[in-house]
Each structure stands twice: as C-alpha cells, then as structure tokens.
Amino acid sequence: MAEKPAPNPGTTSSTSTSTSTSTSNGGKTIDECQDMIRRSLRTPMVKFLLEHLEKSGCAIGERFIKAVHCNKQIAGGYVRGEGIQVCSNHMNIQDEVNQVVIHELIHAYDDCRGANLDWANCAHHACSEIRAGHLSGDCHYKRELLRGSVKIRGHEQECVRRRVMKSVIANPYCSEAAARDAMEAVWDICYNDTKPFDRAP
C-alpha cells in the first residue's frame, strides 16, 4: 500500500495499502525488521526488480527500503521521493517482509517508468495496485489459504481485486465508487502488463 501526500499518494494509504495485511503478534523491532529487509535483498525476485529499476534509470540507495513503526494497520508502503517503508510492528516472519518489499518495489518500478504517473488519479493508482497484486505473489493460492480464502477457481483475480479495492479506497482522492470504476476501467490492460517480467511469475 503506498501512501501519498497530497498530489502523490505514497506511504501508507494509497499505493501500497494492499501489501500484506498481516495480523501482528507483537511484530518485530525496527532492527530485527531491518535485518529481515537485508535478507530479502538477496532473494532472486527482489534482485531482479532492483536490477530493472536500475536499468530504468532509477537506481536506489541502501536507505531506500527501511523498517519503521506504523500506527495504521498496514504492512508497508511506497512514498515517491522517500522510498519503501516496511512496518516492523506488523511483521512476524521473513516471508511477510519479502512480500512487502516485492509488492512495493513494483510500485517503485511503475513510478520510475511512468513519467506521468499521478498517485492522486484513482485509475493510475488502481493500475499499479493491480500489477503489484498480480506480479508479487500476494495472491498465491497458499497465501490465500492462510487468510482463510479457500475458493479454488478464480481465486487469484478475486484476491487481486479485493486487495486493489482496499488500497485504492485508502487513497484520500478515491471514494469506493471511484475506486471500483477505476479498477474496472484499467483491469485488462494493467493485469496483462507484466513488465519487467516476461510473464507473471
């Protein structure tokens, strides 16, 4: 979920609101979470996304992804100009941190390649959330099972839609109706846009 200040939503409520809504059992300290972030940087998917950010002219510094304490019930967010925040107090296991980092890196990639990307525009925000939900593995069957969703057919798209709505509604510029209309309007083109991957991982 990315929350953005005024014209560019970006830290906790807009772009990345969807991330992972993990229930916290106390979570991790900021230092523990920062160590988990360092481990996530060694995973193949994160390395791939970082490489493509660099190829797109958006190389990032080592402080781009940081652990923070969050008051909202979110897993993390991307903020234009500031980077990615991972909510340490809502993280319990390495896989959760990896997922947040991957999801938010897809937002960062979209922000990098879309010169005219406007986080206050519900359709732009919905498109990046569709891509992040579809390409990050947020809606993998096993993750959905752990959330208590056991639908066999169509679970992935249904999950992506649910998470896109949750995130875009958190954007102060988007009502529920506007979020739904925006998601439906851009669904096909954004769901099928798998860059920088050749196909959805």
Side-chain angles (χ1 to χ4, degrees), residues 1-3 10-30 32-53 60 64-70 72-79 83-111 125-126 128-150 155-168 170 190-191 194-197 199-201:
M1 140 198 197
E3 192 172 283
T11 286
T12 343
S13 56
S14 24
T15 304
S16 87
T17 289
S18 65
T19 328
S20 57
T21 33
S22 68
T23 47
S24 80
N25 304 330
K28 298 290 182 189
T29 66
I30 288 177
E32 287 170 333
C33 186
Q34 202 63 52
D35 283 341
M36 294 166 91
I37 290 169
R38 277 191 281 276
R39 283 196 288 278
S40 77
L41 297 179
R42 298 196 292 264
T43 63
M45 184 114 150
V46 170
K47 283 161 99 169
F48 176 85
L49 288 166
L50 291 172
E51 185 182 307
H52 281 273
L53 266 168
I60 60 173
F64 186 79
I65 307 172
K66 51 190 167 287
V68 296
H69 186 280
C70 298
K72 295 185 182 175
Q73 276 302 312
I74 58 166
Y78 166 73
V79 185
I84 291 169
Q85 299 179 341
V86 180
C87 298
S88 61
N89 50 315
H90 300 312
M91 297 293 107
N92 294 298
I93 59 173
Q94 184 66 46
D95 181 65
E96 290 171 333
V97 174
N98 295 351
Q99 277 308 114
V100 174
V101 170
I102 290 165
H103 181 107
E104 301 307 333
L105 280 172
I106 292 168
H107 288 315
Y109 176 82
D110 285 351
D111 207 24
H125 184 181
S128 190
E129 289 296 347
I130 290 165
R131 285 177 31 75
H134 179 47
L135 301 175
S136 67
D138 284 345
C139 289
H140 187 277
Y141 183 66
K142 287 180 189 161
R143 284 194 177 84
E144 278 290 87
L145 272 182
L146 292 171
R147 292 183 192 115
S149 296
V150 286
H155 83 274
E156 199 263 355
Q157 288 196 23
E158 196 173 281
C159 167
V160 172
R161 285 175 184 276
R162 184 179 73 238
R163 294 165 73 80
V164 167
M165 283 299 293
K166 182 173 182 187
S167 193
V168 179
C190 299
Y191 189 84
T194 61
K195 286 189 176 59
F197 304 96
R199 55 191 170 76

| For Ala75 and Val100, which heavy atoms make the closest approach, and how far apart are they? | CB-CG2, 3.7 Å
| field | N/O donor-acceptor pair under 3.5 Å between Glu32 side chain and Lys28 backbone | value | no
| message | How long is the straight-line distance from CG of Leu49 back to NE2 of His103, given to the nearest 0.5 Å? | response | 12.0 Å
| Phe48 side, atom CZ; Leu105 side, atom CG - distance, nearest 0.5 Å | 12.0 Å
| query | Rounded to the nearest 0.5 Å, how far does OG of Ser88 lie from CD1 of Ile37? | reply | 8.5 Å
| Between Gln94 and Ser40, is any pair of side-chain heavy atoms under 4.5 Å apart? | yes
| message | Working to the nearest 0.5 angstrom, can you tell me the gap between Asn98 CG and Arg39 CZ? | response | 9.0 Å
| field | Gln34 (side chain) donor-acceptor with Ala67 (main chain) under 3.5 angstrom | value | yes
| request: Enter the distance from Ser128:OG to Asp110:CG here, rounded to the nearest 0.5 Å. | output: 3.5 Å
| Are the side chain of Gln99 and the backbone of Ser136 linked by a donor-acceptor contact shorter than 3.5 Å? | yes
| task | Specify the closest pair of heavy atoms between Phe197 and Met45, including all atoms of both residues, with the distance to one decimal. | result | CZ-CE, 3.9 Å
| query | What are the two closest non-hydrogen atoms of Lys195 and Leu135, and how far apart are they? | reply | O-CD1, 3.9 Å
| Smallest separation among heavy atoms of Cys70 and His90, with atom names | O-NE2, 3.7 Å
| said: Does any part of the side chain of Leu41, heavy atoms only, come nearer than 4.5 Å to the side chain of Ile65, both counted from C-beta? | reply: yes
| remark: Nearest heavy-atom approach of Gly133 to Glu156 is O-OE2, 4.5 Å
| query | From Glu96 CD over to Cys33 SG, what is the distance, rounded to the nearest 0.5 angstrom? | reply | 10.0 Å
| Which atom pair, heavy atoms only, marks the closest approach of Met36 to Ile93? | CE-C, 3.2 Å
